[in-house]
Structures are given as structure tokens and as C-alpha cells.
There are 2 protein chains.
Amino acid sequence: MRSPRLQGEARISAPITIEDVAQAAGVSTATVSRVLNHSAPVSPETRARVEDAISYLSYRPNDVARSMARGRTATIGLVLDDLTNPFNSQAAEIVIHGAEKSGFRTILGLAASQSGRCAQVIEFLLRQRVDGFLFGQARLEEPAIEALLDRGFPVVLFNRRLHRARASFVGCDNYGGSTAAANHLIGLGHQSLAVIAGPANLSTVVERIDGFQAALRAARMQAAPVFYTQYHPGDAYNAMKELLQRDRKPTAVFATTDFMALEAIQYAVDHQLEIPGDLAVVGFDDITLAAHPWIRLTTVAQHIAEQAARAVERLLEAIGGKQVPREAELLPAELVVRRTCGGGR
Amino acid sequence: MRSPRLQGEARISAPITIEDVAQAAGVSTATVSRVLNHSAPVSPETRARVEDAISYLSYRPNDVARSMARGRTATIGLVLDDLTNPFNSQAAEIVIHGAEKSGFRTILGLAASQSGRCAQVIEFLLRQRVDGFLFGQARLEEPAIEALLDRGFPVVLFNRRLHRARASFVGCDNYGGSTAAANHLIGLGHQSLAVIAGPANLSTVVERIDGFQAALRAARMQAAPVFYTQYHPGDAYNAMKELLQRDRKPTAVFATTDFMALEAIQYAVDHQLEIPGDLAVVGFDDITLAAHPWIRLTTVAQHIAEQAARAVERLLEAIGGKQVPREAELLPAELVVRRTCGGGR
DNA sequence: CTGAAAGCGCTTACAG
DNA sequence: CTGAAAGCGCTTACAG
């Protein structure tokens with residue numbers, strides 16, 4: 001048996017292997033493996049000897065070798081655009097914890113929304129041999145994801161969906177939430193509405209605009225002008241500037257995210273407009289700070305934590321071989337009326 | 001050679017291996033490995049045949065097997081408390097990208113600041129055989145990290161340091177930033193100052209309090225009362241309540257993070273206090289929203305992105321075998337005067 | 001420049 | 001209940 005002194009001497013001593021444990025316990029590596037994994041019955045005495053050796057040597061199984069031998073890595077790949085949006089980082093946190101509970105680790109791939117990056121990230125994760133994928137920021141057309149789907153690879157999307165229908169997805173009721181927002185604004189008497197949106201190739205953006213316009217149509221009002229942006233910092237600020245220079249200035253603006261709403265407000269305030277007096281603003285997401293007394297942003301609340309949690313569940317089931325439902329699962333999105341729309345408290 | 005039709009038929013077809021490529025190209029796996037890694041000269045004709053086979057078969061190297069064979073994983077472990085704090089998620093993003101540039105992947109371990117969790121996370125990452133560790137949220141005493149250090153394992157800390165000195169660290173000038181904050185408040189004529197702090201076992205908290213008190217001492221004022229919290233949501237709200245019930249109410253409060261400052265403001269505003277008229281508030285971090293016209297929080301700006309970037313650099317050097325400096329590297333922390341302290345614009 | 005072979009640290013049929 | 005051995009998919013001395 002290796003003397004404990006040896007470990008102290010070497011700096012980064014070569015890690016203890018299952019072989020070392022087997023020798024110390026006087027058994028085969030197969031037996032050590034069995035007590036480690038509870039994969040087959042082992043006599044109480046043998047088990048005790050092995051466990052002693054394990055703790056005496058501070059043995060730490062090598063997960064890389066394990067993955068190699070098992071042919072699966074117990075790893076899921078989570079693909080997100082970035083972590084600057086609190087919405088994304090919250091989702092990441094939920095996914096990591098959810099996966100961990102089932103013994104899965106998660107590798108985070110940041111796709112930075114540049115075209116081509118998503119394919120690159122998938123390639124990268126495929127080399128790591130992840131057992132499945134979670135996409136939180138897919139665009140409507142995403143060939144690389146569709147290729148995965150075609151191969152029958154375990155894939156679950158959340159938040160944003162693909163154009164093509166048959167894929168496991170969990171999102172929120174963007175349409176309904178936006179309709180409620182529009183109706184509230186209409187009820188307040190607004191006649192000139194506008195929307196500041198993200199890119200038109202995102203399902204969330206499309207659905208939020210559609211829901212919003214549908215409400216106007218139902219009220220026999222003309223469609224609201226839509227200003228599309230790339231969701232870059234500063235985009236909504238500029239959008240607001242643009243909208244206020246038009247002939248028919250909006251009296252109410254709906255932004256497809258809270259961050260955009262906050263930026264739009266920033267422009268308005270910087271230019272001596274009163275919110276909500278001169279301009280009503282409604283966002284979407286209900287980030288933590290939306291409720292702050294200095295903000296009190298009217299917005300549509302969606303429960304990202306639950307979306308992410310459901311998405312991992314689905315993925316884990318798919319990886320486990322279960323037949324995963326192909327229908328979309330939609331969580332509710334509720335209007336939260338606060339101050340910035342003028343009708344709230 | 002495997003017919004392409006075969007791939008289409010199977011659902012998740014067994015991935016192509018280096019063996020398949022070697023066969024298709026009529027060479028040994030050693031040769032394929034050489035062209036893949038440019039690890040040894042290969043004749044142009046052979047190389048061409050191998051490359052054709054690779055693209056024809058859409059071969060994707062197995063990183064798990066690679067790690068196994070090489071004895072190193074090209075992976076770093078990043079340990080953070082959580083991702084809800086934008087400060088943390090920004091750091092995570094920087095680290096992931098920085099590591100990727102050098103061909104390293106990063107596994108994120110969330111330590112949720114419960115005692116014992118850090119050791120668990122380290123254990124988990126050690127099993128994955130990460131090549132080094134990055135800690136962004138260490139507490140002053142962290143036996144598990146110290147054990148790593150003692151073993152000579154590549155470790156770099158950022159943001160918060162350990163009590164023990166000899167460890168690679170990059171942080172910011174918490175002391176100087178807080179001194180500046182205190183001096184500004186003193187210059188504004190405040191006599192009754194208080195601080196809302198995080199846990200006392202965090203280097204950032206200790207240094208920020210020390211810097212703050214030092215300024216008061218230099219001005220021959222008595223030390224400010226410190227209210228310690230656990231950095232949980234709601235903690236600063238309650239702290240503010242407590243402080244305002246005391247005999248000697250503070251006219252100015254310094255919070256050790258912007259989130260805490262915002263919560264303190266929330267309590268004050270909820271209870272009809274005017275900011276900064278009735279109460280001046282200063283934070284620390286300078287999160288994005290601190291600059292919003294509806295907030296305009298006076299705060300101490302620290303450049304987390306650079307901290308994180310420097311930390312990965314250091315770690316990568318350490319993993320590469322370079323002797324890494326043991327001294328702390330401190331980035332500047334600058335006071336940003338805005339509205340909430342009463343002296344700004 | 002190229003190949004045969006050993007080895008990385010596990011798991012898992014296969015025998016007994 | 002236990003062990004000997006093959007195998008997971010690569011890389012890397014070692015020969016030639």
C-alpha cells in the first residue's frame with residue numbers, strides 16, 4: 001500500500017486510481033467498481049475492506065474514464081446567447097441545479113447570437129459527447145438544431161421555438177400576455193400605440209407583436225408601427241428617439257423586453273418627457289428591478305424559472321429514452337400593472 | 001468504407017471513430033491523429049487522403065477519449081456562488097470566452113454560499129479532472145481551497161481573497177473605493193453615517209468597511225455602526241428598517257453592493273423618506289442600471305470584466321506550468337457620484 | 001514519414 | 001459473490 005507520506009511529498013501527485021484501491025483492498029478492480037456503483041452484490045466484508053481503502057487513499061473516481069467506459073457522459077449542453085440578460089443567467093442557474101439533482105453536469109455554450117455561432121457551439125458540445133441539448137435562445141430558422149433533431153438527438157427548446165413544429169418545446173403564452181398588455185393600454189384611452197421589438201426572426205418577438213396587434217384589430221384600431229432592433233444595448237434608446245420624431249407620436253409604447261422598456265424610458269426621461277403622463281410604457285419579462293419603487297414598470301410576467309425547470313425535466317426524460325411529447329408546453333404570462341402605463345398604482 | 005446511406009438510416013448512429021477514418025483513408029490511426037493534431041509531419045498526399053476521409057465521414061473527434069489519452073482535460077473549473085447577481089454572470093461570461101480562446105472549456109460550479117457546498121463543488125470538479133480552478137466568491141476561510149493550494153494545484157482567486165496570503169489573486173481596490181465614498185459623504189456634511197454590509201467573513205466586505213471607517217477616523221468622527229447581513233434578498237430592506245429605528249438615525253448609508261443599496265432605498269421610499277433629501281445612499285459595484293435616470297445611484301465602480309479576464313489569464317499560465325505571481329493584483333475602484341448621495345448631478 | 005502496440009482509468013459481459 | 005479480460009477512442013513513445 002502506498003504510504004501516506006508519499007502523497008504529501010509530491011506536489012500534484014498522480015491521482016489515485018481504482019487500481020490502487022483494488023490493490024490496497026486485495027480485490028479486483030471489478031469489485032471496487034461494483035461497490036462504487038452498487039451495480040452488483042458484494043459481500044459485506046469485501047465491501048467494508050474496499051470502502052476502507054477508498055477513504056484511506058482519498059480515492060476520487062475519474063469521471064472522464066467513467067464516461068469513456070460507459071459510452072455516455074451524463075452531461076447536457078445548454079446553449080444560450082449570453083449571460084448578461086438576467087433572464088438567461090437565471091435560466092442557466094436553474095438548469096445547472098436541475099441537472100445536478102439527477103447526477104448530470106451541464107456545459108454552457110454561449111452562442112452570442114452571431115450567425116454561425118450556434119452551429120459552432122453545437123459542434124463543440126458534440127465533441128464533448130453531451131447526451132442532449134437545451135436551447136434557450138433559438139432563432140426561428142436554425143439548421144444546426146434541425147440537423148440534431150433529424151438525427152433523433154435528445155433536444156429540448158425553451159423560451160424561443162423553431163419555425164418547424166415537431167420539436168420538444170416549453171415556453172410561455174407570449175401572445176396572450178401581449179394581448180392583455182394592448183387591451184390594458186386601449187382601455188386607458190390610448191389611440192397612438194407603437195412597439196419596440198427585437199429581431200423579427202425570434203419566435204418570442206413574433207408572438208408578442210402578433211398578440212399586441214390582434215388586440216388592436218379586435219378594437220378596430222389600425223396596426224401599431226413596429227420598430228425592430230437587434231436587442232443590442234442602446235437599440236431601444238435609439239428606437240425611442242426615432243419613434244418620437246415621427247409625425248404621429250405614440251402616446252404608449254410596448255417593448256418586447258423589460259430591458260428595452262427601461263432604455264426607452266431612459267430616452268424619454270433624458271428628453272424631458274413625463275412617464276406615464278406624456279408616454280405610457282409597458283415591458284415584458286418582469287425582471288426583479290421592475291418592482292422597485294423608483295421604477296414600477298408595467299410589464300408581462302413570465303416564469304422563466306419554471307420554463308427552465310420543465311425543460312431540463314423533459315430533456316432528462318428524453319435522454320433516459322422516454323418518448324417526449326412533441327407538443328409545446330405553454331406557461332402563463334400575466335400582465336402586471338404598475339406605474340409606467342399610467343393606469344396602475 | 002461505410003456507405004453514407006447507413007448514417008441516414010440509424011437514428012442516433014454510433015459516432016464515427018478515428019478507426020473509421022483510418023480505414024477509409026487506408027492509414028493507421030496514428031497517422032490520422034497526426035494530421036488532426038499537427039503533432040508530427042505527414043506527407044502531403046497522405047494528409048489529403050485523411051482529410052478527405054474526415055470530411056466525407058463528417059468525423060468529429062471524441063474529446064473524452066482525447067482527455068483520457070492525454071491525461072489532461074483542457075478544462076477549468078469556475079466556482080461562483082450563483083448567477084443571480086449580474087456581477088457574477090458577467091464574470092462567468094468573460095471566463096468562458098477567455099478560456100475558449102485558448103481552447104479550454106469551463107465547467108461552472110455553483111456553490112450557493114452554504115457552508116460545505118464549496119468543498120462539494122470542488123470535489124465534483126476534481127472528479128471531472130479539471131486542470132485548474134477559478135474562485136470568484138471565496139470566503140476568508142476556505143479549507144477546501146487551501147487544500148488545493150497545498151497540493152500545488154493551479155488555483156486563481158478573483159474578487160474575494162482568502163485570509164492566507166500566498167495565493168494568486170486579482171481583485172479591486174475595495175479599501176480605496178470605500179474611503180472615497182466616505183470622504184465624499186463627509187464633505188457633504190453628513191455626521192451620522194451607517195453601513196449595510198454583507199457577511200463579515202468575506203474579504204470584500206471587510207475591506208470596504210475598513211476603508212470606510214478609516215476615512216471617518218481620519219476626519220476625527222466616531223466609527224459608523226455596521227449592520228451585517230447574509231446578502232439574501234430582503235436583508236438590506238430589513239437592515240434599513242432596523243437602522244431607522246435607532247436613536248441616532250443615519251443621514252447617509254453606505255451599502256457594500258448596489259443590490260443592497262437599491263433595497264435600502266426601497267425601504268426608505270416605501271416609508272415616505274426622500275432620497276437624497278432625508279437619506280443619502282451610496283452603493284458599490286456600479287451595475288448597469290445604476291446609471292438609469294430613474295435611479296442614478298452614487299456608487300463605487302469596479303471593473304469585474306477585467307478582473308475576470310486577468311484571472312483566467314493567470315490561471316491559464318499556471319496550468320501551462322508558468323510560475324504565477326503570488327502577489328495580489330488590484331484594479332482601481334472609482335467613486336461615481338450621481339444623485340442618491342445628494343452631491344451629484 | 002508511417003505503423004504496431006501500449007496505455008489512459010474505468011465498466012461490463014462472461015465464467016466460475 | 002468475485003476475477004480475468006476485453007473494450008471505450010484516442011495519443012504517444014518506440015521502431016523502422
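In what follows, chains carry the letters A, B, and so on, assigned in the order in which the sequence lines appear, proteins first and then strands, with residues in each chain numbered from 1.
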Let me check I have this right: for DNA chain D, each base becomes ., (, ), [, ] or |, based on Watson-Crick or G-U pairs with both distances under 3.5 Å. What is the full string?
|||.||||||||.|||
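- Relative to the side chain of B/R66, the nucleotides C/dG3, D/dT11, C/dC10 differ in distance, and D/dT11 lies closest.
- The closest donor-acceptor contact from the side chain of A/Q307 to the backbone of A/N159 lies under 3.5 Å.
- Rounded to the nearest 0.5 Å, atoms CG (A/L110) and CZ (A/R117) are 7.5 Å apart.
- When all heavy atoms are compared, the tightest approach of A/L83 to B/E93 is N-OE1, 2.8 Å.
- For C/dT2, the OP1/OP2 oxygens have a side-chain nitrogen or oxygen of B/S43 closer than 4.0 Å.
- The residue among A/R60 and B/V27 whose nearest nucleotide of DNA chain C lies closer to the 5′ end is B/V27.
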Just do the side-chain contact (heavy atoms from CB on, under 4.5 Å) check on B/L36 and B/Y59 with the steps written out, would you?
CA-CA 11 Å; B/L36 243 23; B/Y59 169 63; 3.6 Å; yes
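- The side chain of A/S33 sits closest to C/dT11 out of C/dG9, C/dT11, D/dG9.
- Residue A/S67 is classed as having no contact, given no heavy-atom separation below 4.0 Å to the nucleic acid.
- Between atom NE2 of residue A/H163 and atom CZ of residue A/R139 there is a gap of 15.0 Å, rounded to the nearest 0.5 Å.
- Within the model, atoms CG of A/L78 and CG of A/L315 stand 10.0 Å from one another, a figure rounded to the nearest 0.5 Å.
- Using a 4.0 Å heavy-atom distance criterion, A/T46 is classed as a sugar-phosphate-only contact.
- Put simply, the side chain of A/R34 never gets that close to the backbone of A/S39: no donor and acceptor are under 3.5 Å apart.
- Nearest to the side chain of B/A30, among D/dT12, D/dG3, D/dC1, sits D/dT12.
- Of all nucleotides listed (D/dC1, D/dG3, C/dC1), D/dG3 comes nearest to the side chain of A/T31.
- Taking only side-chain atoms of A/R34, from C-beta outward, the nucleotide of D/dA4, C/dA4, C/dC10 with the closest atom is D/dA4.
- When the side-chain nitrogen and oxygen atoms of B/Y59 are compared with OP1 and OP2 of D/dG9, none of them lie within a distance under 4.0 Å.
- Of the candidates D/dC1, D/dT11, D/dC8, D/dT11 carries the atom nearest the B/N37 side chain, counting heavy atoms from C-beta on.
- Heavy atoms of A/D63 sit nowhere under 4.0 angstrom from any nucleic acid atom.
- Between A/T17 and the phosphate of C/dG9, there is no side-chain N or O to OP1/OP2 separation shorter than 4.0 Å.
- Closest approach to the B/A69 side chain among C/dC1, C/dA4, C/dC8 is made by C/dC8 (side chain taken as heavy atoms from C-beta onward).
- Residue-level contact check: B/V64 touches neither bases nor backbone, having no heavy atom under 4.0 Å from any strand.
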